[in-house]
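In what follows, every chain begins at residue 1, and chains take the letters A, B, ... in the order their sequences are listed.
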Amino acid sequence: MEKIVNRDYFRISANDLAIKLLGNYLCREISGKLIKTKIVETEAYMGEFDKASHASTKNKTERNSILYMDGGHVYIYLIYGKYYCFNIVANRKRKPESVFIRAVEPVEGLETIKKNRKNIHKEIELTNGPGKLSMALELDKEFNKKDLTNNKYLWLEKKSNKNFKIKRDRRVNIDYAEEFKNKKWRFYIMNNRFVSN
DNA sequence: CTCACGATTAGA
DNA sequence: CTAATCGTGAGA
């Protein structure tokens with residue numbers, strides 16, 4: 001499987017990257033154990049003008065400064081004081097776009113995933129949400145601002161054949177985003193059971 | 001410094 | 001349906 005190490009891969013709009021990432025693999029190594037998951041649901045956050053985006057505050061804050069870096073970096077933040085949300089920075093420097101990974105499907109390393117999700121017994125519940133996949137892959141603030149094109153413990157791999165249909169819908173839980181709350185900037189693999197909504 | 005609240009989840 | 005839970009950003 002081909003690792004994605006070319007930064008130009010990420011230097012496109014978040015909308016395009018959100019679609020491009022579907023079907024590819026998000027991989028993680030934890031103390032010698034490999035976890036491999038298929039990306040099945042994504043959302044695009046399009047920049048300062050997008051009222052749902054953490055870049056909508058314009059002025060760089062400590063939290064959103066990573067969004068202004070080059071594509072291919074990791075943006076992870078804490079939500080509701082409890083869960084981590086994993087994003088991939090899109091586009092070039094000074095273009096604060098990002099792709100939010102909402103759901104993945106386990107491909108390899110199911111045992112490690114289950115260990116990280118103790119008390120969860122239905123396989124479907126292991127990774128069918130942004131906070132859930134972060135727990136499953138042990139993604140936390142330590143990975144914030146890391147470079148996905150050059151990280152030993154977290155990387156992406158390409159899938160060659162993409163035999164699936166992509167569905168497009170509204171983003172989830174952004175009622176505060178006014179006219180942007182109805183933009184269809186969420187994408188997911190049709191009929192995949194790990195999709196969150 | 002204070003304070004309201006969220007790109008969510010698990011459990012009642 | 002809703003409580004949990006705390007870092008962040010905005011405002012004083």
Side-chain angles (χ1 to χ4, degrees), chain A residues 10 13-22 26 37 39-69 71 73-91 95-106 113-146 148 154 167-189 193-197:
Chain A
F10 302 96
S13 77
N15 260 327
D16 291 339
L17 186 61
I19 292 167
K20 193 176 179 182
L21 286 171
L22 289 176
L26 176 63
T37 64
I39 297 172
V40 301
E41 183 181 4
T42 57
E43 282 179 358
Y45 287 81
M46 293 299 288
E48 294 180 349
F49 70 92
D50 177 1
K51 288 179 181 165
S53 171
H54 288 167
S56 68
T57 51
K58 304 280 189 292
N59 310 320
K60 282 197 234 186
T61 60
E62 189 167 339
R63 183 171 71 164
N64 76 16
S65 63
I66 180 60
L67 296 174
Y68 290 79
M69 300 312 298
H73 286 86
V74 173
Y75 170 41
I76 292 190
Y77 65 91
L78 184 68
I79 187 72
Y80 297 104
K82 227 187 200 154
Y83 306 104
Y84 289 99
C85 289
F86 173 73
N87 299 251
I88 298 174
V89 177
N91 220 316
K95 298 277 195 179
E97 302 179 24
S98 58
V99 176
F100 180 36
I101 309 298
R102 285 197 58 85
V104 300
E105 173 182 343
I113 288 175
K114 283 180 176 167
K115 191 187 293 179
N116 287 337
R117 300 281 289 131
K118 56 172 197 249
N119 301 335
I120 305 298
H121 299 298
K122 286 185 228 164
E123 185 172 331
I124 193 78
E125 302 286 343
L126 293 173
T127 56
N128 68 340
K132 297 177 189 177
L133 73 90
S134 291
M135 291 185 272
L137 304 207
E138 293 184 39
L139 299 174
D140 59 22
K141 62 182 194 293
E142 297 304 308
F143 278 100
N144 192 35
K145 304 189 180 188
K146 290 285 194 292
L148 260 187
L154 184 65
K167 190 123 168 52
R168 192 188 173 123
D169 212 336
R170 287 190 279 272
R171 294 175 292 182
V172 178
N173 286 345
I174 51 153
D175 287 346
Y176 55 85
E178 300 174 28
E179 73 268 32
F180 288 90
K181 74 175 182 221
N182 291 322
K183 298 283 182 190
K184 294 194 169 179
W185 288 343
R186 178 163 69 104
F187 308 90
Y188 56 88
I189 294 178
R193 61 200 222 283
F194 286 88
V195 170
S196 71
N197 270 280

Peer 1: Assign A:Arg186 to base, sugar-phosphate, or nothing according to its heavy-atom contacts below 4.0 angstrom with the strands shown.
Peer 2: nothing

Peer 1: Just how far, in rounded Å, is C1' of B:dT8 from NZ of A:Lys132?
Peer 2: 9 Å

Peer 1: I need the CD-C1' distance between A:Glu41 and B:dA7, as an integer number of Å.
Peer 2: 11 Å

Peer 1: Separation of A:Lys82 atom NZ from B:dA10 atom P, in whole Å?
Peer 2: 9 Å

Peer 1: Nearest of C:dT5, C:dA10, B:dT9 to any side-chain atom of A:Tyr80?
Peer 2: C:dT5

Peer 1: Kindly say if A:Tyr75 contacts the phosphate of B:dA7, meaning a side-chain N or O under 4.0 Å from OP1 or OP2.
Peer 2: no

Peer 1: For a quick check under 3.5 Å, do A:Glu48 and A:Tyr68 share a side-chain donor-acceptor pair by atom type?
Peer 2: yes

Peer 1: So does A:Lys51 pair up with A:Glu178, basic N to acidic O under 4.0 Å?
Peer 2: yes

Peer 1: Suppose we call two aromatic rings close when their centres sit under 6.0 Å apart. Are A:Phe49 and A:Phe180 close by that rule?
Peer 2: yes

Peer 1: Starting the side chain at C-beta, find the nucleotide from B:dT8, B:dA7, C:dT8 nearest to A:Tyr83.
Peer 2: B:dT8

Peer 1: Could you tell me how far apart A:Glu178 (CD) and B:dA7 (P) are, to the nearest whole angstrom?
Peer 2: 14 Å

Peer 1: Please check if the side chain of A:Ser134 supplies one atom and the backbone of A:Tyr84 the other of a donor-acceptor pair under 3.5 Å.
Peer 2: yes

Peer 1: Nearest heavy atom decides the nucleotide; on that basis, is A:Ile120 or A:Ser98 closer to the 5' end of DNA chain B?
Peer 2: A:Ser98

Peer 1: Could you state the atom-to-atom distance from OH of A:Tyr77 to P of B:dC5 in whole Å?
Peer 2: 17 Å

Peer 1: Hey, does A:Asn87 reach any base, or is it just sugar-phosphate, or nothing, if we go heavy atoms under 4.0 Å?
Peer 2: base

Peer 1: Looking only at side-chain atoms of A:Thr61, point me to the closest of C:dA10, B:dA7, B:dA10.
Peer 2: C:dA10

Peer 1: Using the P atom in both, what is the distance from C:dT5 to B:dT2, to the nearest Å?
Peer 2: 22 Å

Peer 1: Under a 3.5 Å cut-off for both distances, is B:dA7 Watson-Crick or wobble paired, and to whom?
Peer 2: none

Peer 1: Starting at NE2 of A:His54 and ending at P of C:dG9, how long is that distance when rounded to a whole Å?
Peer 2: 9 Å

Peer 1: Which atom pair, heavy atoms only, marks the closest approach of A:Ala90 to A:Ala14?
Peer 2: CB-CA, 3.8 Å

Peer 1: Quick one: which of B:dA7, B:dT9, C:dA10 gets closest to the side chain of A:Thr57?
Peer 2: C:dA10

Peer 1: Please figure out whether A:Phe100 or A:Glu125 has its closest DNA chain B nucleotide nearer the 5' end.
Peer 2: A:Phe100

Peer 1: C:dT5 pairs with which nucleotide, Watson-Crick or G-U wobble, both distances below 3.5 Å?
Peer 2: none

Peer 1: Rounded to the nearest Å, what distance is computed from the CG atom of residue A:Leu67 to the P atom of nucleotide B:dA7?
Peer 2: 13 Å

Peer 1: What nucleic acid atoms does A:Arg102 come within less than 4.0 Å of, heavy atoms only: base, sugar-phosphate, or nothing?
Peer 2: sugar-phosphate

Peer 1: Specify the separation, in whole Å, of atom CD1 of A:Ile101 and atom C1' of B:dT8.
Peer 2: 16 Å

Peer 1: Mark yes or no: A:Arg102 above the aromatic ring of A:Tyr188, with NZ or CZ under 6.0 Å from the six-membered ring centre and no more than 45 degrees from the axis.
Peer 2: no

Peer 1: Tell me whether the side-chain N/O atoms of A:Asn173 come closer than 4.0 Å to OP1 or OP2 in B:dA7.
Peer 2: no

